[in-house]
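Report on one structure; see the data block that follows.
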Amino acid sequence: MSSMNLAFDVPPRRELPAERRDAMRRLLEDAVAGRPARRALPRPALPRPALTRRALWPAAGLATATAVAAAVLVVGDLGSDGADTAYAATPPVLAAELGIGGPARAQLQSLAATAGAASPQLYATAADTTVVTESWLLTVTETEAADEAPPPEGAAATLAMGAAPTVTSAVVPVLREQRLLADGSVHVRETQGEARFPTAEWSAADDAATPGAVLLDETIPAGGLASAYPAQLATDPAALREQLLAAWPQAGDPAATLFRALHELAANRSLDAPVQAAALAMLAREPGVVALGAATDRRGRAAVAFGADSADSGLDRRHVLLVDPDSGRLLGYEEVLTGDPGELDVKTPAVAAYTVFL
Amino acid sequence: MSTLPAAPPDDQHLWSRARRGDPAAFGELFTRHSTVVYNYCFRLTGSWKTAEDLTSVVFLEAWRKREDVAAEAGFVPWLLSLAGRVARNSTRAVRRHRRLLAKLPPAVIAGGAADALASPDSAHSPGDPPATGDTSPAEAREAAARADDERHMRQVLKVFRRLPKQEQEVLALCVWGERTYAEAAVALGIPVGTVRSRLARARAHMERLTEAAATKTAEPRPGSRPEGAHHT
């Protein structure tokens, strides 16, 4: 073959470092010994997600890459009787999030008007290129799930492969800064937040990352972070609704889906005042959106909370948007598991995910 | 009169035992094929350290997918197809097995591309000189050679990743994984003829891209050594 073909000009083989190879073999043998194949594996009763987006953020993997650093829910060894399972650490549920809720229309309309009339300084503009968030996600991987299927958003379970039902974790948020550069590329930097709300089993050994540790620092070429949503978002509420739902063709609960869509948008691009006003007006018209009252967000900011319940993902879940009462700006998004968590070892109600828009 | 030593059990026999929960059989399969998987992962990622991590993950995935009948058609091709998937979705795969991987001792390769798990193209500088504090001259030479490998492989991958995904799969399995057409066909679930045609296209495509890249590169890499697959 021609030497002008790089595919045939690769470095020679090398051996695994012996110490590492031996350790790997021991690890694998332990994994096999801990759960022999002959035993019937009880399938976790983790419901499958019922909906998927039409298109995903291609770089979502980058974002979720660092979900490793977020809390990991450990369900006990599949071969065990469950007595030795541990509960995952989750952030405290905000006071307003579990309210029965009341009509939201008037309040959302008022906030939409506030947003529409807000001082430009309170909002992003088209020139703003940086989005900063703090987020946390209850990370779950369903071991027996179809390989290519994404885990249920916001919750999944890591099923320990080995014999030992290992430890739970603490809530470790990720700080993310996403900056649009002049050439159309996007620079993403994620750092480890401070571990919080440790469970009794939390140990230093479990703390794989140091606060401030850089988890991701990468520039994605122009076009590499394509969005599932149009570049030009409508400022008409009905048109915006159509744009957002188009990305979720299988959605069964439009209100909750709109919450999710707004979360995705706000976590990945700056939303200017007209779009946020349209979003609030859109939610004001949406059946299923309830007002949950005043709240304080995870950064101590005053907020008003709105909720939408859904079981689209397979678990009863409340989606919450936190809005700045003074400007109508989105401050945060949260998901709270409210019903039977199935095989997930969390005590409901439990926060499954949150994002603070900074 | 001497007796002939017993032939070592073949892969399928070991795999059958492993699937029934025999740790030693699985361990033997690992010992037998870890080098192939390790080098394959390196060629897909351009990082020895990432390849170390992914080698563990590939075997953990093999155990997780032990009911997959494709393994019975050819264990190594199946392993390499798993490796390809793991390399493409490394963050998810590593996350899935994070707890177990944490039990391994730290990677021992200096100068490895630690952040290449998130993206093999990330801004790591594999050519950074290895730590020299307590390293012997032999270790330093090994580290330097591996760093050189990484620099070289990343140049290759820059071109390789411009191929269509289907061509990448075939080229990787047949050339870098040193699988036959038939084995690649089984691993990818496509006819042998399709493997041949895709590989031919991939070679031509790669050659054009190589030439294009060469025109942009002022410094050809000295001492490169062709290493290709032997196909039947």
Side-chain angles (χ1 to χ4, degrees), chain A residues 1-17 19-21 23-33 35-39 61-62 64-68 72 74 139 141 143-144 147-148 150-151 158-162 166-167 205-206 208 214-220, chain B residues 18-24 26-27 30-31 34-35 38-39 43 48 52 55-56 59-60 63-66 85 91-92 94-100 102-105 107-109 118-119 122-123 146 149 152-153 155-156 159-160 171 175-176 203 206-207 210-211 213-214 224-228:
Chain A
M1 178 51 63
S2 163
S3 61
M4 276 303 287
N5 194 325
L6 281 174
F8 298 90
D9 179 24
V10 294
R13 280 189 180 201
R14 293 190 185 277
E15 295 294 324
L16 271 167
E19 180 192 344
R20 185 88 165 164
R21 187 189 58 231
M24 285 180 189
R25 177 168 176 160
R26 284 195 299 275
L27 179 90
L28 292 166
E29 289 182 345
D30 287 349
V32 174
R35 203 177 70 191
R38 72 184 73 175
R39 292 167 67 174
L62 297 176
T64 54
T66 53
V68 171
V72 175
V74 177
T139 305
T141 301
T143 306
E144 300 300 315
D147 187 45
E148 301 305 326
T158 295
L159 304 175
M161 284 281 292
T166 50
V167 295
D206 199 36
V214 177
L215 304 171
L216 182 70
D217 193 354
E218 183 159 359
T219 300
I220 301 157
Chain B
R19 286 181 59 211
R20 292 198 301 273
D22 181 344
F26 196 61
F30 173 78
T31 298
S34 57
T35 300
Y38 175 53
N39 283 276
R43 289 166 182 181
W48 287 114
E52 272 191 42
T55 299
S56 304
F59 280 88
L60 286 167
W63 173 241
R64 191 174 77 85
K65 292 175 169 292
R66 58 196 178 278
R85 261 177 279 165
T91 50
R92 172 178 293 177
V94 170
R95 181 176 60 187
R96 177 179 287 132
H97 301 297
R98 171 180 173 253
R99 292 278 166 186
L100 282 178
K103 295 178 180 176
L104 287 172
V108 294
I109 295 172
S119 166
S122 58
R146 285 178 180 268
D149 290 348
H152 178 200
M153 198 65 219
Q155 291 301 315
V156 176
V159 177
F160 174 77
L171 193 65
V175 179
W176 295 349
R203 281 173 162 163
M206 191 78 188
E207 213 153 302
T210 301
E211 285 169 3
S224 59
R225 187 176 76 78
E227 180 177 310

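Naming: A, B, ... by sequence-line order, numbering from 1 per chain.
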Note, B/Glu52 side chain near A/Pro17 side chain (heavy atom, < 4.5 Å): yes
Spacing of B/Thr55 atom OG1 and A/Arg20 atom CZ [to the nearest 0.5 Å]: 9.0 Å
Nearest-0.5 Å distance, CZ of residue B/Phe30 to CG of residue A/Leu16: 5.5 Å
Minimal non-hydrogen separation, B/Leu60 against A/Ala31, with atom names: CD2-CB, 4.3 Å
Atom group of A/Leu27 that falls short of 4.5 Å from chain B, counting heavy atoms: side chain
Closest approach of A/Arg25 to B/Ala24 (non-hydrogen atoms, all atoms of both residues): NH2-O, 3.5 Å
Contact origin within B/Phe59 toward chain A - heavy atom pairs under 4.5 Å: both
Atom pair OG1 (B/Thr31) and CE (A/Met24), whose distance is rounded to the nearest 0.5 Å: 11.5 Å
Heavy-atom pair with the smallest gap, counting every atom of A/Pro12 and B/Asn39: O-OD1, 4.1 Å
Value rounded to 0.5 Å, distance of CZ in A/Arg14 from CH2 in B/Trp48: 6.0 Å
Gap between atom CZ of B/Arg43 and atom CZ of A/Arg13 - 0.5 Å precision: 6.5 Å
Atom pair CZ (A/Phe8) and OG1 (B/Thr210), whose distance is rounded to the nearest 0.5 Å: 9.5 Å
Contacting moiety of B/Val156, where chain A heavy atoms sit under 4.5 Å: both
Exercise: identify the closest heavy-atom pair between A/Glu29 and B/Pro23: CG-O, 3.3 Å
